[in-house]
Amino acid sequence: MSLVGLDSICQPKWCGGLGLKRLRDQNISFLLKLGFNIVSNKDVLWVRVLRSKYHLKEGLPDYIAQNRSSFLWRSLSKVWPLLRENLFWSVWLSDDVIQLIKGIPPPNPFTGPDKISWLLSNVERVRRGLTVDPSSTICGFHSEDILHILRDCDVAKDVWNQVIPGNCLSNFFSNNSQGWLLGNLQNNSMVHEEGSSWACLFGLLIWRLWKNRNLFIFQGRSWSLREIVQVSLSWVNQLFSALRADFKGNFKPPVEKESFEDLIFLNTDGAVQLGSRNAAAGGVVRDANGDWIFGYNRCLEKCSIFNAELWGILEGLRLIQQRGHDEVIIKYDSFEVVKAILESTSTEANSALIRRMQSILFQEKRWLLRYISRDQNQVTDCLAKQALIGTDNLQVFDAPHSMTCTLMELDKNKN
């Protein structure tokens, strides 16, 4: 009876092995999953207990080993360098693409901040030592990277050939990953008579292709070509039919009436630090007498001053909607921002933030947007700058801080 080594037995069946899994590799995988949850799910009770017990602060330390700790924590400390290394890999997206993605607001105000996520192709799994085979599970291509999954695989090509608009055909399958994503995400041309945006359809299709690949790997089934295309088109058409109503021409604010009952005023502003490029936004809502109703601010991390100003307006609109105010005048000190909101159509605007604000203003018939001078906006400038040293959570203030009380009086006199 001949003996067979463990290395041979653990090979996949198609390589002549028995397909057995190494217990050590499984153990490392489970520990990495626990470590990932400790990093990304900070609000879960067991994570809070461990982070508090072992004094794990907001950052990601180089090591977590301690002299007196549980068996679980000692085991986690052994795989911590591997976890840390794979949480901070080199991102293959350009800064322009990342900023576009970060500028897209969540589907609704209650979805919370973005979280760390893993997007693993087989090429990336080989690089991290999680597998030895970089080939595609679906089509057998020898090297499955992200671009192959989303564009170059035969399944993906069949999908794209059904929907690619004529102005994208020439270089659709030849661009590199950055140029391909950036060019299509910025292409707001209409793809059907219903008025759907190509950028929106493109984003939905790459998401469906990624989900379809994972569905095949983990459940052994997949969607048909018709399902992928038709469901994506249906979602896009539903979205744009809701936004299209009265947005066929230039977006215009409702006609101002001579007097409003229960009128309130929203002032907002954005700020960016020169060195770190961290951005923040803030705003204040006042009654017709200029008295404080509530204020708010939020740190946005890195983004442009234009996007920071848009975020400031959008957060204010959301808060006012939640509180049920019907008659609002929004005052802003950037003519560029006011012009972008009022003169862009909902389907032509490059910024998802602008489209979201236009949707809210369309729903609220008696909300107006006005341009004001910078010296009439000092309170919100102060609130935005305060948030530069705070957390990225939205903070709402029912009463003004001592620093803003004096500025409140100055703004009341000027307004």
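Along the sequence shown, residues carry numbers from 1.
Of the possible donor and acceptor atoms, none in the side chain of S52 sits under 3.5 Å from a partner among the backbone N and O of R48. A donor-acceptor pair under 3.5 Å is formed between the side chain of Q66 and the backbone N or O of Y54. Using modelled atom types, no side-chain atom of D269 and backbone atom of T380 make a donor-acceptor pair closer than 3.5 Å. Side chain of W73 to backbone of A65: no donor-acceptor contact under 3.5 angstrom is found. In this structure a side-chain-to-backbone donor-acceptor pair under 3.5 Å is missing from E315 to G282. No side-chain donor-acceptor contact under 3.5 Å links R208 to the backbone of V229.
Looking at I228, L150, N184 one by one, the single match for side chain to side chain contact (heavy atoms under 4.5 Å, CB included) with L205 turns out to be I228.
Atom CG in D287 sits 12.5 Å away from atom CH2 in W292 (nearest 0.5 Å). Interatomic distance, CD1 of I329 versus CG of L263, reported as 4.5 Å (0.5 Å rounding). Residue L368 holds its CG atom at 12.0 Å from CG of L266, rounded to the nearest 0.5 Å. How far CD1 of I293 is from CG of D398: 11.0 Å, rounded to the nearest 0.5 Å. Here the CD1 atom belonging to I149 is positioned 12.0 Å from the CD1 atom belonging to I206, to the nearest 0.5 angstrom. Atoms OG and CD1, on S75 and I28 in that order, are 11.0 Å from each other to the nearest 0.5 Å.
Looking at N122 and R125, their side chains do bring a donor and an acceptor atom within 3.5 Å of each other. Of the N and O atoms on the side chains of T131 and D133, not one donor lies less than 3.5 Å from an acceptor on the other residue.
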Intermediate values then yes/no, side-chain contact (heavy atoms from CB on, under 4.5 Å), I320 and V285: CA-CA 8 Å; I320 291 172; V285 176; 4.0 Å; yes

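For the pair V396 and L319, the minimum side-chain heavy-atom distance is below 4.5 Å. Taking the side chain as every heavy atom from C-beta outward, L182 and N175 never approach each other to under 4.5 Å. A 4.5 Å side-chain heavy-atom check between W223 and Q230 finds every atom pair outside the cut-off. The closest side-chain heavy-atom distance from W46 to I38 is below 4.5 Å. Contact of the V163 side chain with the W198 side chain is registered, since non-hydrogen atoms from C-beta on lie closer than 4.5 Å. With a 4.5 Å cut-off on side-chain heavy atoms, L215 and R221 count as touching. Contact check for L300 versus N307: no side-chain heavy atoms found under the 4.5 Å cut-off.
Counted within 6.0 Å of CG on N176, heavy atoms from surrounding residues, nucleotides or ligands total more than 12; the atom is thus considered enclosed.
Taking the ring centre of Y296 as origin, the terminal cationic atom of R318 falls outside the region bounded by 6.0 Å and 45° from the ring axis.
Under a 4.0 Å N-O distance rule, the pair E124/R127 qualifies as a salt bridge.
Aromatic ring centres of F172 and W180: separated by under 6.0 Å. With ring centers used as reference points, W160 lies under 6.0 Å from F202.
Residues in residues 136-145 take part in these salt bridge (Lys or Arg N to Asp or Glu O under 4.0 Å) pairs, two or more places apart or across chains: E144-R213.
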